[in-house]
> 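Here it is, the structure, as structure tokens.
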Amino acid sequence: MTNAAVFRPKVVVIGSINMDLVVRCQRLASPGETLPGTSLQEIPGGKGANQAVAAARLGGDVTMVGKVGNDAFATTLLNSLRQAGVHTDHVATAADCGSGIAIIQVENSGQNSIIVVPGANALVSVDDVHRAEAAIAAADVVLLQLEIPVETVAAAVQLARRHQVPVIVDPAPARTDLPAEILSADWLCPNETEAEVLSGFSVSTPVDAANAATALRTTDQTTVVVTLGDQGAVCHTGEATLHLEAFPVTPVDTTAAGDAFAAALGIAIAKDCLPAMAVRYAAAAGALAATQPGAQPGMPTANAVDQLLDNYSPSQHLL
Ligand code: RIB
């Protein structure tokens, strides 16, 4: 993707903005258990804002549509977006409401567990999406996730489609009640857990992921990519199902690896990459994000992704 670096795809991200309260611990606490933590940090996060920052670091000209609360976190959250070069004119401040908060435990293996209190994210409305229509119409790709109201996500898919702008939906956190518009996005990129919830199939192997992806592909225009952590990713286009093995990295914190994946997929699609190449680029970005602590601070640059792709080529084969 290096020779296309002069083209800056226009990316619109509509989604959540959270302050992550991150506790590092030796292992995740079980129900009813009390464990010592080793540190507590406030780190800008939220699936939408993470994707916006990642897309900007990967060379996108990014506009964020979302809401922060009327609190001290809002300034830090807006600054993090702006420092990455993300346009924040469509980020509103909700009166009488706090910013979204995520309580995150990260264990030594890099695995995490997350609880989100939506705050202002719950107020991102269909009207907010319509106010951003000019940006959406001019975009090369629109990125969506499910930490804002589902009717807002559905309206954004419809509006992008009206303007013939490709849409990627990262269906996270997973829910079973998604309307058909959302499932008919151009790209769906669940992780294994989300693929299980959405398809009703159990997903622990690439073959399981291929079956879930086939079930989730409800329209001809949709491509489904299921991410599988250290088992790589499976991409089902309708014509073919491809398994890409994982990049060999040592995870430090897997928080937001999926957000980096979705953002990089968006950049690659905006640059007209074929699905196999787009998924490879996305997987490289996701792998790099997992090697760094924290959500937004851990998002990789375009140079880092290009370097990983130059140094390592995971095998890929048809299923
Ligand atoms: O995908 C990771 C993100 O999920 C975290 O940054 C947290 O805010 C939650 O939204």
Side-chain angles (χ1 to χ4, degrees), residues 13-24 28 40-57 64-69 71 73-74 76-81 84 86 91 98-107 110-124 143-150 152-153 168-175 188-195 197 225-229 251-266 282-283 285-300:
V13 183
I14 304 162
S16 57
I17 305 168
N18 294 333
M19 182 57 85
D20 293 351
L21 306 182
V22 183
V23 176
R24 296 281 327 193
L28 304 182
L40 169 66
Q41 281 179 292
E42 290 175 7
I43 303 177
K47 296 184 194 302
N50 295 344
Q51 291 183 10
V53 167
R57 294 230 175 108
M64 177 82 208
V65 179
K67 279 202 167 102
V68 290
D71 58 14
F73 287 145
T76 313
L77 294 172
L78 283 166
N79 281 344
S80 181
L81 287 164
V86 175
V91 178
S99 297
I101 306 249
I103 310 291
I104 304 184
Q105 302 176 44
V106 183
E107 66 173 21
Q111 204 45 262
N112 63 50
S113 76
I114 304 181
I115 292 183
V116 175
V117 181
N121 297 307
L123 303 177
V124 180
L143 304 182
L144 293 158
Q145 332 72 36
L146 303 180
E147 285 186 331
I148 57 173
V150 82
T152 306
V153 177
I168 298 176
V169 174
D170 176 2
R175 44 193 293 169
L188 286 177
C189 55
N191 66 17
E192 64 263 64
T193 314
E194 292 142 11
V197 173
V225 192
V226 180
T227 58
L228 294 166
V252 167
D253 179 359
T254 56
T255 310
D259 302 329
F261 184 100
L265 189 65
L288 285 171
T291 65
Q292 300 299 319
Q296 289 171 31
M299 290 302 172

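For ligands, and for the atoms within them, numbers begin at 1 and follow the listed sequence. The first residue of the sequence shown is numbered 1, and numbering continues consecutively from there.
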> Taking all atoms of both residues into account, what is the closest heavy-atom pair of Ile148 and Gly15, and its distance?
CG2-C, 3.6 Å
> For ligand 1, find out whether one of its N or O atoms is nearer than 3.5 Å to an N or O atom of Thr255.
no
> As an exercise, identify every atom of ligand 1 less than 4.0 angstrom from a heavy atom of Glu147.
4 (O), 9 (C), 10 (O)
> Minimum heavy-atom separation for Val153 to Leu144, with atom names?
O-CD1, 4.0 Å
> At a 4.0 Å cut-off, with the gap strictly under it, does some heavy atom of Gly258 reach an atom of ligand 1?
no
> Return the minimal non-hydrogen interatomic distance between Gly294 and Asp253, and the atom names on each side.
N-OD2, 2.9 Å
> Out of all atoms in ligand 1, which are within 4.0 Å of some heavy atom of Asn18? Include the element for each.
7 (C), 8 (O), 9 (C), 10 (O)
> With atoms numbered from 1 as shown, which atoms in ligand 1 lie under 4.0 angstrom from a non-hydrogen atom of Asp20?
5 (C), 6 (O), 7 (C), 8 (O)
> N/O of Ser16 under 3.5 Å from N/O of ligand 1, yes or no?
no
> Would Thr76 and Glu42 satisfy side-chain contact (heavy atoms from CB on, under 4.5 Å), going step by step from the backbone distance to the final call?
CA-CA 10 Å; Thr76 313; Glu42 290 175 7; 6.0 Å; no
> Is the count of non-hydrogen atoms from other residues, nucleotides or ligands lying under 6.0 Å from Ile115 atom CD1 greater than 12?
no
> Identify the two heavy atoms, one from Gln296 and one from Ala49, that lie closest to each other, and give their separation to 0.1 Å.
NE2-CB, 3.3 Å
> What atoms in ligand 1 come closer than 4.0 Å to a heavy atom of Ala295?
6 (O)
> Has Asp71 got a side-chain atom pairing as donor or acceptor with Ser99's backbone, closer than 3.5 angstrom?
yes
> For ligand 1, which is the ligand I care about here, please tell me if Gly45 has any N or O atom under 3.5 Å from one of the ligand's N or O atoms.
no
> To the nearest 0.1 Å, how far is atom 4 (O) of ligand 1 from its closest protein heavy atom, and which atom is that?
Lys47 NZ, 3.1 Å
> Name the closest protein heavy atom to atom 3 (C) of ligand 1, giving the residue it belongs to and the distance to 0.1 Å.
Asn50 ND2, 3.6 Å
> Which atoms of ligand 1 are found less than 4.0 Å from any heavy atom of Ala102?
7 (C), 8 (O)
> Find all atoms of ligand 1 within a distance of less than 4.0 Å from any non-hydrogen atom belonging to Asp259, and give their numbers and elements.
1 (O), 2 (C), 3 (C)
> Using modelled atom types and a 3.5 Å cut-off, is there a donor and acceptor pairing between side-chain atoms of Ser16 and backbone atoms of Gly46?
no
